[in-house]
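First the proteins, then the strands, lettered A, B, ... as listed; each starts at 1. All values below come from the heavy atoms of this structure, side chains included, with hydrogens, waters and symmetry mates left out. Only a predicted model underlies this, so the values are computations on that prediction, with no experimental measurement involved.
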Protein chains: 2
Amino acid sequence: MALQLKDSKEQIYRTTSQKQIILDYLKSVKSHPSAEKVYSVVKKKLPRISKATVYRNLKDFKKRGEAQTIISQGKSHFDADTSSHAHFICLDCNKIFDVFENACTNCSVIKNKKPKVGKIENYKINFYGHCKKCK
Amino acid sequence: MALQLKDSKEQIYRTTSQKQIILDYLKSVKSHPSAEKVYSVVKKKLPRISKATVYRNLKDFKKRGEAQTIISQGKSHFDADTSSHAHFICLDCNKIFDVFENACTNCSVIKNKKPKVGKIENYKINFYGHCKKCK
DNA sequence: TGATTTAATGGGAATAATTATTAATTAATA
DNA sequence: TATTAATTAATAATTATTCCCATTAAATCA
């Protein structure tokens with residue numbers, strides 16, 4: 001007998017050590033690492049892991065709502081903290097910081113989620129400036 | 001006699017037809033075109049223009065504050081309207097719309113420009129959702 | 001537990017956006 | 001108009017990311 005219906009559209013989600021180690025690492029840091037950085041760190045625990053596996057899983061985590069991305073320096077950076085918060089990107093050192101202070105949650109557009117052009121599902125706020133260390 | 005001091009750090013900014021036609025096009029639309037789109041349109045007026053020239057100038061416009069970018073679909077999209085406004089990106093058709101309605105300008109973080117992590121120079125707000133046409 | 005099914009991986013090639021290089025061109029100005 | 005350096009065209013190089021596919025290994029059940 002089939003393990004699952006042949007005509008089922010949804011795939012079974014399998015847990016693998018690769019997935020778990022990638023996600024564990026992401027959850028353990030607040031540095032917003034790039035895919036390349038995740039790869040180099042995870043490679044220490046799983047020396048045979050493929051770069052494609054890292055990219056594929058990071059993308060999947062995002063789709064599943066287990067991570068979000070911040071684009072900086074021409075590449076994606078990942079954040080496993082999906083709670084509502086903004087990001088601050090330093091124009092000098094390029095580090096990415098979390099901003100939990102009232103990130104516009106009281107603004108009418110965000111509250112209503114319906115600007116003239118459509119209906120908001122989610123949003124991103126990025127601040128650019130000089131971090132404490134750099135200035 | 002030298003046209004400018006040899007030890008001067010700053011370059012002279014020269015007006016070229018390429019620059020003007022690219023910027024004129026950008027200012028004439030509110031569609032937030034990608035570099036590739038700008039290239040294909042400008043190419044009609046300047047058939048011999050190089051893709052590198054388009055990319056170089058778009059980048060320069062941004063640096064000089066004559067344009068801003070919105071990253072979507074893995075590439076940069078350009079907007080010559082540098083007034084304070086947010087963007088709405090449709091998750092279905094991927095079109096980018098301007099949102100001029102109260103884009104969080106009253107939020108304390110943005111007003112004070114000083115979250116805990118540093119000093120804000122500028123910021124970007126992107127909304128993601130479904131536009132009028134798509135839903 | 002072993003067999004079966006198929007999702008996930010590894011490794012490398014492919015793709016796409018952007019940047020670098022450099023010889024030739026041209027805008028600004030004396 | 002001649003000079004000088006900024007800009008361009010053309011193309012090669014780079015970089016981040018995705019695709020491809022043979023192999024591996026979760027999940028399930030007999």
B:H87 and B:H32 aromatic ring geometry - parallel, tilted or perpendicular at 30°/60° bounds: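 Aromatic pair B:H32/B:H87 classed perpendicular.
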
Shortest side-chain distance from [X], nucleotide among [options]:
| X | options | value |
| --- | --- | --- |
| B:Q11 | D:dT7, D:dA27, D:dT17 | D:dT7 |
| A:Q18 | D:dT17, D:dT7, C:dG10 | C:dG10 |
| A:R14 | D:dT8, C:dA8, D:dT17 | C:dA8 |

Lys NZ or Arg CZ of A:R64 over A:Y13 ring: under 6.0 Å, within 45°: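 Flagged: A:R64 positioned over aromatic ring of A:Y13.
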
Between atom [atom1] in [X] and atom [atom2] in [N], what is the gap in whole Å?
| X | N | atom1 | atom2 | answer |
| --- | --- | --- | --- | --- |
| B:I71 | D:dT17 | CD1 | P | 11 Å |
| B:Q20 | C:dA27 | CD | P | 10 Å |
| B:K19 | D:dA6 | NZ | C1' | 8 Å |

Salt bridge (charged side-chain N to carboxylate O under 4.0 Å, His left out) between A:K51 and A:E36, worked out: CA-CA 8 Å; A:K51 203 170 281 194; A:E36 198 67 33; 3.0 Å; yes

Atom NZ of A:K19 with >12 non-hydrogen neighbours under 6.0 angstrom: yes

Counting the atoms with a prime plus P, OP1 and OP2 as sugar-phosphate, which does [X] contact under 4.0 Å by heavy atoms, base, sugar-phosphate, or nothing?
| X | answer |
| --- | --- |
| A:E36 | nothing |
| A:S34 | nothing |
| B:S76 | sugar-phosphate |

Residue-phosphate contact under 4.0 Å: A:T16 side-chain N/O, C:dA7 OP1/OP2: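 Negative; the distance criterion is not met.
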
Set of side-chain hydrogen bond (donor to acceptor under 3.5 Å, both in side chains) partners for B:Q20, sequence neighbours left out: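 Residues passing side-chain hydrogen bond (donor to acceptor under 3.5 Å, both in side chains) with B:Q20: none at all.
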
Under 3.5 Å side-chain donor-acceptor pair for B:S34 and B:K75: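 No, no side-chain donor-acceptor contact under 3.5 Å.
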
Within residues 37-65 of chain A: residues closer than 4.0 Å to DNA chain D (heavy atoms):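 Contacts with DNA chain D under 4.0 Å: A:A52, A:Y55, A:K59.
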
